[in-house]
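One-based numbering along the sequence shown.
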Amino acid sequence: MPDTSETILEIDLRALKHNFNFLKSKLKATTKFLAVVKAYAYGSDAIHIAKKLETLKVDYFAVAYANEGVQLREAGIKTPILVLHPQPAYFDVIIDYNLEPSLYSARILELFLKVVSEKNKQNYPVHIKFNTGLNRLGFDQKDIAFIAETLEEKSELKIISILSHLAASEDKNEEAFTLSQINLFDEIATEFDKKLNIKPLKHILNTSGIINYPHAQYDMARSGIGLYGYGNDQEVDNKLQQVVTLKTTISQIHKISPNESVGYNRKFVSESEQIIATLPLGHADGIGRQYGNGKTYVSVNGKKALIIGNVCMDMIMIDVTDITCNEGDEVVLFGKFESAEEFAKTANTISYELLTGISQRVKRIVIED
Ligand SMILES: *Cc1c(COP(=O)(O)O)cnc(C)c1O
């Protein structure tokens, strides 16, 4: 057992490699693989994750915002980086760091084109995002003519790819909707190539899309959550390995009598003699108050211990009455042995939110491949 003397987020690069290979095995050998490493690589550590994926020959990275791409470039990442949500205030930065924006509206296209022209760039790599039903970011099909006119006889921009994003690829009840998104994207792709007389890469799948709609893989697929070990499906989860494990250690153990309370606002009151352990992490570390008051278990020496009372900013208390344990013993919140998906479910949320919420205060420890 690794020696844990504080709260740590363990990042297992062996698991990352396994997941990368598993997801790639679902795609044709010629389909490019884009790894989504936004939000600190889903709350882990974008630099370590990206460096590992670069050695595994990933084709592309995506981040949400320009500054996330800057961090990767400053760490020496050379692979192309797509910026999913570029903002005009950062267009200079995007170009200076050779990041590739996903242009999603007339305003964004024109503003980016202006900055590229001012910097006298030619053939600057960009991507065009289409809205096929998520109604978040993206041009509509009817904007193709505008895009064609705007870029006609201009050599500042080079369209590397066109993309769209699925709204419910993990939900089998929404299959008809997802297929309609794919159909629309197909139409858009054909019309786009014809009107602009180019043949950029096409991509629409995220992790659950790779699993459920592999026929729509086009030239590239984008995976985030799957790389970290979660596939929005129990069967898929069984084949993936959890990359991050959140662990801590027992700071103190209290024996309490019947009718004593634990924590702020006295939300837990004991009915009998109980043994309570205090852990050094709280909502400031990313374990929110919704996990408190008897909803969620952690693992102490392989046994389940309930989180009791209100989660504090820096601490939580657990009930270890029936568990043999000592101060200093290791406690696992989620990851290896129990999944972040199950942990998140206890508070009606999803692995994505739990993982990306683990704060920067928690020390990251990387297990190399
Ligand atoms: C976050 C994101 C992804 C990754 O989705 P997963 O479900 O984590 O695989 C892919 N594409 C876009 C546009 C995204 O915003």
Side-chain angles (χ1 to χ4, degrees), residues 30-36 38 54 57-74 76-132 137-165 184-204 217-222:
T30 48
T31 303
K32 291 181 190 293
F33 194 100
L34 178 153
V36 182
K38 62 194 179 191
E54 197 163 66
K57 307 224 153 38
V58 73
D59 297 286
Y60 249 91
F61 288 115
V63 293
Y65 296 106
N67 59 349
E68 299 178 306
V70 169
Q71 284 179 5
L72 294 178
R73 283 283 182 257
E74 286 188 334
I77 294 295
K78 300 276 187 281
T79 305
I81 301 173
L82 171 62
V83 178
L84 294 166
H85 200 162
Q87 296 163 304
Y90 292 91
F91 285 173
D92 275 317
V93 171
I94 284 179
I95 296 166
D96 293 346
Y97 283 84
N98 194 22
L99 307 172
E100 304 181 9
S102 163
L103 304 175
Y104 58 84
S105 69
R107 177 181 71 102
I108 292 296
L109 171 61
E110 286 176 336
L111 286 172
F112 193 73
L113 183 58
K114 188 164 163 271
V115 179
V116 169
S117 309
E118 282 163 7
K119 286 183 176 277
N120 290 318
K121 296 274 179 188
Q122 292 291 312
N123 292 312
Y124 194 86
V126 299
H127 305 254
I128 304 288
K129 171 83 158 276
F130 283 95
N131 175 22
T132 54
L137 292 181
F139 284 101
D140 289 330
Q141 179 175 26
K142 64 174 164 43
D143 299 323
I144 295 174
F146 166 82
I147 299 168
E149 279 163 35
T150 307
L151 298 183
E152 203 171 24
E153 292 176 12
K154 287 225 170 64
S155 55
E156 286 94 337
L157 302 186
K158 177 174 183 180
I159 299 172
I160 303 292
S161 83
I162 69 169
L163 65 148
S164 189
H165 194 35
L184 177 55
F185 184 63
D186 219 63
E187 269 182 36
I188 289 171
T190 308
E191 188 182 332
F192 190 88
D193 286 7
K194 206 165 139 217
K195 287 227 168 86
L196 281 90
N197 199 21
I198 53 173
K199 233 180 172 336
L201 301 173
K202 318 281 184 312
H203 47 119
I204 191 170
Q217 62 192 270
Y218 296 96
D219 307 301
M220 184 151 79
R222 310 184 298 268

Measuring from Leu103:CG to Leu157:CG, what's the distance to the nearest 0.5 Å?
-> 7.0 Å
Closest non-hydrogen atoms of Phe192 and Ile162, given as atom of the first, atom of the second and distance, are CE2-CG2, 3.5 Å
Using the side chain to side chain contact (heavy atoms under 4.5 Å, CB included) rule, take Asp193 and Lys202 through it: C-alpha gap first, then chi angles, then the decisive distance, then the call.
-> CA-CA 10 Å; Asp193 286 7; Lys202 318 281 184 312; 2.8 Å; yes
To the nearest 0.5 Å, tell me how far Ile128 CD1 sits from Ile188 CD1.
-> 12.0 Å
Within the 6.0 Å centroid threshold, strictly below: His203 and Tyr218 = no
Walk me through it: do Asp143 and Asp140 pass the test side chain to side chain contact (heavy atoms under 4.5 Å, CB included)?
-> CA-CA 5 Å; Asp143 299 323; Asp140 289 330; 3.7 Å; yes
If you look at every heavy atom in Arg222 and Ser164, which pair is closest and at what distance?
-> NH2-O, 2.7 Å
So which heavy atom on Gln141 is nearest to which on Glu191, and how close?
-> NE2-OE1, 3.3 Å
Check Val83 against Pro86 and note the closest heavy-atom contact, atom names and distance.
-> O-CD, 3.5 Å
Which heavy atom of Leu111 sits nearest a heavy atom of Pro88, and at what distance?
-> CD1-CG, 3.8 Å
Interatomic distance, CD1@Ile144 vs NZ@Lys195, rounded to 0.5 Å, equals 6.0 Å
Taking atom NZ of Lys119 as the centre, does the number of heavy atoms from other residues, nucleotides or ligands within less than 6.0 Å exceed 12?
-> yes
Taking the six-membered ring for Trp, are Tyr104 and His165 ring centroids under 6.0 Å apart?
-> no
Pair Tyr97-Glu74, side chain to side chain contact (heavy atoms under 4.5 Å, CB included): steps then yes or no | CA-CA 9 Å; Tyr97 283 84; Glu74 286 188 334; 3.0 Å; yes
Donor-acceptor contact below 3.5 Å, side chain Lys158 vs main chain Glu156 | no
Verify the neighbour count for atom NZ of Lys199: are there more than 12 heavy atoms of other residues, nucleotides or ligands below 6.0 Å?
-> no
Separation between NZ of Lys129 and CG of Leu109, rounded to the nearest 0.5 Å = 15.0 Å
Hey, which of Ile81, Leu82, Val63 is the one that makes side-chain contact (heavy atoms from CB on, under 4.5 Å) with Leu99?
-> Ile81
Lys/Arg-Asp/Glu bridge criterion (N-O < 4.0 Å) met for Glu110, Lys114 | no
Give the intermediate values and the outcome of side chain to side chain contact (heavy atoms under 4.5 Å, CB included) for residues Tyr124 and Asn98.
-> CA-CA 9 Å; Tyr124 194 86; Asn98 194 22; 4.0 Å; yes
Nearest-0.5 Å distance, CG of residue Leu34 to CG of residue Leu84 = 7.5 Å
Quick one: sort the Phe130 and Phe139 rings into parallel, tilted or perpendicular, breaks at 30° and 60°.
-> tilted
Nearest heavy-atom neighbours spanning Val58 and Thr79 | O-CG2, 3.8 Å
Between Ser161 and His127, a side-chain donor and acceptor under 3.5 Å = yes
CG on Asp59 to CG on Asp219, rounded to 0.5 Å = 11.0 Å
